[in-house]
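The structure under discussion appears below in the form of structure tokens.
Here is how names work: the chains are called A, B, and so on, in the same order as the sequence lines, proteins then strands, and each is numbered from 1.
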Amino acid sequence: MSKPSIPQGTRDFSPVVVRKRQYILNTLRNIFELYGFQPLETPAMENLVTLTGKYGEEGDRLIFKILNNGLHEKKEQDKVKLNDEWNKVLSKPYSSPVVTERALRYDLTIPFARYVVMNQNELAFPFRRYQMQPVWRADRPQNGRYREFWQCDADVVGSTSLINEAELLCIYQAAFHQLHIPVKIKVNSRKLLAALAELCGTPEKMIDITVALDKLDKIGWDGVTKELRERGIEDAGIDQISKVISITGDNQAKLEQLSTLMVNTPIGLEGIKELSTSLSYYTGLSDAGWGGSIEVYISLARGLNYYTGVIVEVVCDSENVKMGSIGGGGRYDDLTGLFGLKGLSGVGVSFGIDRIYDVLEQLNAFPEQLASGAQVMLVNFGGDNELYAISVLKQLRDAGISAELYPDAVKFDKQMKYANKRAMAYVILPGDEEREKQLVSLKNFATGEQKMITLSECISQLK
RNA sequence: GAGGUUGUAGCUCAGUUGGUUAGAGCAUCAGAUUGUGGUUCUGAGGGUCGAGGGUUCGAGACCCUUCAUCCUCCCCA
């Protein structure tokens, strides 16, 4: 069987799908630019050492490694060495510069950090960048998870101001407002989670508590309790956690109650102050017309363990849509420290393009006119009419009208079927009669209405 | 890393306890229709039944191996 196929976990995007994806990307791009973010692109491949050790043990295994090429030309002793290395690679997860020294990028954050460190002397800090590119993971694909997928990030590095947090919240609000997706934006702080771990008397268990708590929406409080016990949290600690996450009220009320509970944990008070400051900046920057809500959500944890301050997550707030988070982010201190540049703080957000696409599809919220391609097709009648059609074609394009001429003078029926399948808005019939009178017949494909008019009338109607 | 699903025409899938020449719909092509698409009608082409082995008089179906695929858990986006 030699049917063509594509690698597991990859996708083709058909013309209609690409248009819809571009609609999302263009919307986001315009907002990023409006907020003063600059575009950045980095290579599909990075040096393997740039990536290894940055995503945890699990992450290292999911990095797509690129085999070195040209090795077959080397000498006999090199072949022996390569064979040895190959055996190590095949026996277990292992990498060696002899076999592979490059890898496909795993996310956009680490390459961004690498870029910042490499260009630290040229960049104007704080550096605001956005980046929309595919990334690759050697994960096992399943529903909604791919080996090649797109990420879309906006980050600010080199500033600890909470204005940045507020601006990124605004970007979320503005973006989803423009895309017509109702959202709830959940915010929290890693500092509150750290304080929570202190309240439990087990500050070193913060990651365990975080991971368990993150599943609250999925497995419920009973499930979380079970997992916390498994992770070695005492019942007294679980009581504390229960007390904290059962706080209710508006954001202001929640933060006030929290500061009572965390009165003896300085890091908790710090987190509370940061959240409340960010929210007040946000109020000043945001537009009253934006829908959706921002909610302090104490059980929000997020898996990534490099966040250190405010964390944020966006979920679609519609009864008709069941979907996990469609965006997330937070503050990370010292990301560039991994590459030797200390003391740079960053904060960023990420948009889940594929999930946003699915949500728009479910809400039926894509703009109508995205579906069609060329606006008008000219029927090819062959002979002298072909040259006439070409002159009409050129004038249409000169006027900025998207047009195409059917390239072969095949049966009329076939050309009309093609136009129909391509969902053309109009068809122009430049035949014998039209050519002799120097007119065109313009047919509206939706209504079937057709009339013979001058080219300039036609152009003004199509514009 | 663990567990499960499904592989039959370009696509979506039927195919009975194993039994003639493996079917349907859609799509394609041709014709009814040489300047009018979506609707009809008629006809045609297109399959090493994922691959390899086994059981059998006989395998698309049963058994083994293998590959691919999708999904669930883990983890993540």
Item to complete: Considering only atom P, compute the distance from B:A22 to B:G3 and round it to an integer number of Å.
Response: 39 Å
Worksheet item: According to a strict under-4.0 Å criterion, is A:K411 in side-chain N/O contact with OP1 or OP2 of B:G31?
Response: yes
Worksheet item: Toward the 5' end of RNA chain B, which comes first, A:E58 or A:I6, by nearest nucleotide?
Response: A:I6
Practice prompt. Verify, without hydrogens or angle tests, whether A:Q375 (side chain) and A:L462 (backbone) share a donor-acceptor contact under 3.5 angstrom.
Written response: yes
Worksheet item: Rounding to the closest angstrom, what is the interatomic distance between B:G50 and B:U56 at atom P?
Response: 23 Å
Discussion item. With a 4.5 Å cut-off on side-chain heavy atoms, are A:C200 and A:I241 touching?
Written reply: yes
Worksheet item: Taking the same atom, P, in B:G45 and in B:G53, what whole-Å distance lies between them?
Response: 31 Å
Item to complete: Scan A:D413 against the nucleic acid and name what it touches under 4.0 Å (heavy atoms): base, sugar-phosphate only, or nothing.
Response: sugar-phosphate
Fill in: Interatomic distance where CZ belongs to A:R61 and P belongs to B:C74 [whole Å]
15 Å
Worksheet item: When you compare B:C62 with B:U12, how far apart are their C1' atoms, in angstrom units rounded to a whole number?
Response: 27 Å
Item to complete: With P as the reference atom in both, quote the distance from B:U55 to B:G43 in angstrom, rounded to an integer.
Response: 45 Å
Item to complete: Select base, sugar-phosphate, or nothing to describe what A:G448 touches, counting heavy atoms under 4.0 Å on all strands.
Response: base
Worksheet item: Do A:F412 and A:F381 make the cut of ring centroids closer than 6.0 angstrom?
Response: yes
Worksheet entry | Contact under 4.0 Å: A:Q142 side-chain N or O vs B:U72 OP1/OP2 | yes
Worksheet item: Is A:E434 side chain donor-acceptor paired with the B:G35 base, going by distance under 3.5 Å alone?
Response: yes
Practice prompt. Specify the separation, in whole Å, of atom CD1 of A:I207 and atom P of B:C75.
Written response: 13 Å
Worksheet item: What is the distance, rounded to the nearest whole Å, between atom CG of A:D384 and atom C1' of B:G35?
Response: 17 Å
Discussion item. Please determine whether any donor N or O and acceptor N or O are separated by less than 3.5 Å between the side chain of A:R145 and the base of B:C70.
Written reply: no
Item to complete: Would you indicate which nucleotide in B:G35, B:U28, B:G1 comes nearest to any side-chain atom of A:R140?
Response: B:G1
Worksheet entry | Which nucleotide in B:U36, B:A27, B:A77 has an atom nearest any side-chain atom of A:Q450 | B:U36
Item to complete: Taking atom types as modelled, find out whether A:T42 and A:Q131 have a side-chain donor-acceptor pair closer than 3.5 angstrom.
Response: yes
Worksheet item: Using a cut-off of 4.0 Å on non-hydrogen atoms, how would the nucleic acid contact of A:G352 be classed: base, sugar-phosphate, or nothing?
Response: nothing
Worksheet item: So what does A:G144 hit on the nucleic acid, given a heavy-atom distance under 4.0 Å: a base, only sugar-phosphate, or nothing?
Response: base
Discussion item. Rounded to whole Å, please give me the gap between NZ in A:K417 and C1' in B:G31.
Written reply: 11 Å
Worksheet item: How is A:K443 classified with respect to the nucleic acid when contacts are heavy atoms under 4.0 Å: base, sugar-phosphate, or nothing?
Response: base
Response to the item:
Note on RNA chain B: ranges paired as stems (three or more Watson-Crick/G-U pairs in a row, both atom distances under 3.5 Å) are B:1-4 with B:70-73, B:10-13 with B:23-26, B:28-32 with B:40-44, B:50-54 with B:62-66
Worksheet item: Is there a donor and acceptor pair closer than 3.5 Å between the side chain of A:Q8 and the base of B:U69?
Response: no
Practice prompt. Figure out the CD/C1' separation between A:E57 and B:G1, and round it to whole Å.
Written response: 12 Å
Item to complete: Evaluate the ring planes of A:F32 and A:F351, with Trp represented by its six-membered ring, and classify them as parallel (under 30°), tilted (30 to 60°) or perpendicular (over 60°).
Response: perpendicular
Worksheet, complete the sentence: Nearest-nucleotide check on RNA chain B, A:G431 vs A:K421; residue mapping nearer the 5' end is A:K421
Worksheet item: With rounding to whole Å, what would you report as the distance between B:G46 and B:C26 at their C1' atoms?
Response: 14 Å
Worksheet item: B:G37 and B:U33: how far apart are their C1' atoms, nearest whole angstrom?
Response: 13 Å
Item to complete: Assign A:Y418 to base, sugar-phosphate, or nothing according to its heavy-atom contacts below 4.0 angstrom with the strands shown.
Response: nothing
Worksheet item: Are OP1 or OP2 of B:G38 and a side-chain N or O of A:N420 less than 4.0 angstrom apart?
Response: no
Worksheet item: Between A:R128 and A:D155, is there a side-chain N and carboxylate O pair less than 4.0 Å apart?
Response: no
Worksheet item: OP1, OP2 of B:C75 versus side-chain N and O of A:K215: anything below 4.0 Å?
Response: yes
Item to complete: Report the distance from atom CZ of A:F412 to atom C1' of B:G37, rounded to the nearest whole Å.
Response: 8 Å
Fill in: Passing candidate, side-chain contact (heavy atoms from CB on, under 4.5 Å) with A:C458, options A:I428, A:I401, A:L439
A:I428
Discussion item. Between C1' on B:C76 and CG on A:N143, what's the gap in Å once rounded to a whole number?
Written reply: 14 Å
Worksheet entry | Pairwise P distance for B:C74 and B:G18, with rounding to whole Å | 40 Å
Worksheet, complete the sentence: When rounded to whole Å, the CZ to P distance for the pair A:F381 and B:U36 reads 9 Å
Item to complete: Can you label the angle between the A:H177 ring and the A:H180 ring as parallel, tilted or perpendicular, going by 30° and 60°?
Response: tilted
Worksheet item: Can you say whether the rings of A:Y332 and A:Y307 are parallel (under 30°), tilted (30 to 60°) or perpendicular (over 60°)?
Response: tilted
Worksheet entry | From A:F37, A:F127, A:Y35, residue fulfilling side-chain contact (heavy atoms from CB on, under 4.5 Å) relative to A:V156 | A:F37
Discussion item. By nearest atom, which of the nucleotides B:G35, B:C75, B:G37 is closest to the A:L429 side chain?
Written reply: B:G35
